[in-house]
Protein chains: 2
Amino acid sequence: MPTISKEDYIKAIYQLESDPDKSVSTTDVANKLEVSKAATSEMVQRLSEQGFLNYEKYRGMSLTDEGKKTALHVIRRHRIWELFLMDVLGLSWSEVHAEAEILEHSTSDFLIEKLDEYLGHPKVDPHGEPIPDKYGNLPELPDCVSLQLCEVGKNYRLVKVIDSSKELMNYFTEIGLSLNRMVMVVSRLSYDNSTIIQVGNDSFNISEKISSNLFFIEAVK
Amino acid sequence: MPTISKEDYIKAIYQLESDPDKSVSTTDVANKLEVSKAATSEMVQRLSEQGFLNYEKYRGMSLTDEGKKTALHVIRRHRIWELFLMDVLGLSWSEVHAEAEILEHSTSDFLIEKLDEYLGHPKVDPHGEPIPDKYGNLPELPDCVSLQLCEVGKNYRLVKVIDSSKELMNYFTEIGLSLNRMVMVVSRLSYDNSTIIQVGNDSFNISEKISSNLFFIEAVK
DNA sequence: CTTTAAACTTAGGTATTCCTAACTTAATAA
DNA sequence: TTATTAAGTTAGGAATACCTAAGTTTAAAG
Ligand SMILES: [Mn+2]
Ligand SMILES: [Mn+2]
Ligand SMILES: [Mn+2]
Ligand SMILES: [Mn+2]
């Protein structure tokens, strides 16, 4: 029912809403989608009329159950496509997102179930993000911690990567970081809170900012 | 550059143009796309302004080189997706077209080349229709004849099926007709110009109308 | 050669989606 | 508490893509 634009707005609001600290503002959405605040204000009012979110002018917005269901539906398609593009067609970490951003709006329920089946009903996408099932339920994943919280001397498995930029994803690929890759935490520099990790035979210094994009589970030998 | 709507109009006009007998009219396009003649008239004027076709009011239209290039670009994406959906995901003859009709507008050049590579640079789609290459060149295919012209007693290989309706495609699947399937022409009834063919161990009577959708190449034993 | 019917276009309208500029409301700082 | 600034909305406008109804042009009969 929703158009491509509406799906992108609803998905953006869902993602902004996941930060429980602050409510979602018109400006947040406008920045995320790179459209004017005026366009956002209009769209938000339309989505409110259509029952996808609750909205009080000049106050924040929050998705209704219907809105959340729609968002998870789009996210399911996005993540299944990303996994498919990477695992089957061999695209790289930095390439999948842009393609999925479009395909997520062009895929019937029928086709997405075929893809899901082909991939063996996967639980996570190539960044380690959970894939909602066809009813909109997010799978429970084991707890993981950001690199900042990983302890020196221990071994970890990379289970999630926040996709903040193409450049960053390319850098991770370059240094050999991929999902489920084992790494060892060599040391941490208190000077700038950066962490030195060993990936295979090489070691790399990861800045505090970049560390917050990498999530690990401790390896049980 | 063209929008989804424009791509569909341009593709429709290209396909109507392939009949060399008559020029393409507004009504033809309107019927094909199931939109009003008014909407078609407006769109055709816009496409003319934008250089995709030549148009004289109340006379016919014909695509420019730019228009043909655009049409072949869309057709390439459509046919590659159809092949992919059938060969890789296992959709049926009757299911692929509807999905491809949408995906054809949502696929970057980069992605379509990846798909093409994955499929081994195929020359034909699941209906036996040629797939234009990335420069818009249609591959040359061996001559084939419709079932009406196939001779009684001879063996043939099915090389092309005109996709006229889901119902018909399902019927073909049911009776075991698939691309490259071998059939034997058993007899022809002059009463209604229908043809009896043998597929595997079973024989079927194919009406004259349906015969015109099936194209064969004589089998050289 | 007219008349008439079919084909085609224009007029006028609706709905989306987006923009900039102007204005209003809320939050903040003096 | 008031002024100022930041946040958010409305006004007005453009482009796309549709529609129905009314008019125009062309083609076909008579
Ligand atoms: Mn993504
Ligand atoms: Mn998107
Ligand atoms: Mn098709
Ligand atoms: Mn299409």
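Each chain gets a letter, A, B and so on, in the order its sequence line appears, and its residues count up from 1. Every heavy atom of this structure was used, including side-chain atoms; hydrogens, water molecules and symmetry mates were not.
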Exercise. Taking atom CG of D19(A) as the centre, does the number of heavy atoms from other residues, nucleotides or ligands within less than 6.0 Å exceed 12?
Worked result: yes
Problem set entry | Partner residues of K166(A) under the side chain to side chain contact (heavy atoms under 4.5 Å, CB included) criterion, sequence neighbours left out | S94(A)
For this session: Tell me, please, which residues at least two apart from T195(A) pass side-chain hydrogen bond (donor to acceptor under 3.5 Å, both in side chains).
Result: R188(A)
Under-3.5 Å N/O pairs linking protein and nucleotides 25-27 of chain D:
none

Problem set entry | Over 12 foreign heavy atoms within 6.0 Å of NZ, K69(B) | no
Exercise. Can you tell me if D28(B) and S25(B) form a side-chain donor-acceptor pair at under 3.5 Å?
Worked result: yes
Seminar exercise, completed: Taken to the nearest whole Å, CE/M61(B) to C1'/dC8(C) is 10 Å
For this session: Mind checking the CG-NZ spacing from L72(B) to K134(B)? Nearest 0.5 Å is all I need.
Result: 16.0 Å
For this session: Would you check, one step at a time, whether the test salt bridge (charged side-chain N to carboxylate O under 4.0 Å, His left out) holds for E82(B) with R77(B)?
Result: CA-CA 9 Å; E82(B) 282 194 344; R77(B) 294 185 302 232; over 6 Å; no
For this session: Rounded to the nearest angstrom, tell me the gap between atom CD in E7(A) and atom P in dT16(C).
Result: 15 Å
Problem set entry | Between dA7(C) (C1') and N31(B) (CG): distance, integer Å | 11 Å
Problem set entry | Contact pattern, 5' to 3', of nucleotides 15-20 of chain D - B, S or - by protein heavy atom under 4.0 Å | -SSBBB
Exercise. Under the side chain to side chain contact (heavy atoms under 4.5 Å, CB included) test, which residues partner V29(B), sequence neighbours left out?
Worked result: Y9(B), I13(B), L16(B), V24(B), L33(B), T40(B), M61(B)
Exercise. Would you say dC8(C) has OP1 or OP2 under 4.0 Å from some side-chain N or O of Q45(B)?
Worked result: no
For this session: State plainly whether the residues R76(A) and D133(A) are in salt-bridge range, i.e. N to O under 4.0 Å.
Result: no
Problem set entry | Check ion pair K11(A)-E101(A) (N to O, under 4.0 angstrom) | yes
For this session: Please list, by residue number, the residues of residues 22-29 of chain B whose heavy atoms come closer than 4.0 Å to an atom of DNA chain C; answer none if no residue qualifies.
Result: S25(B), T26(B), T27(B)
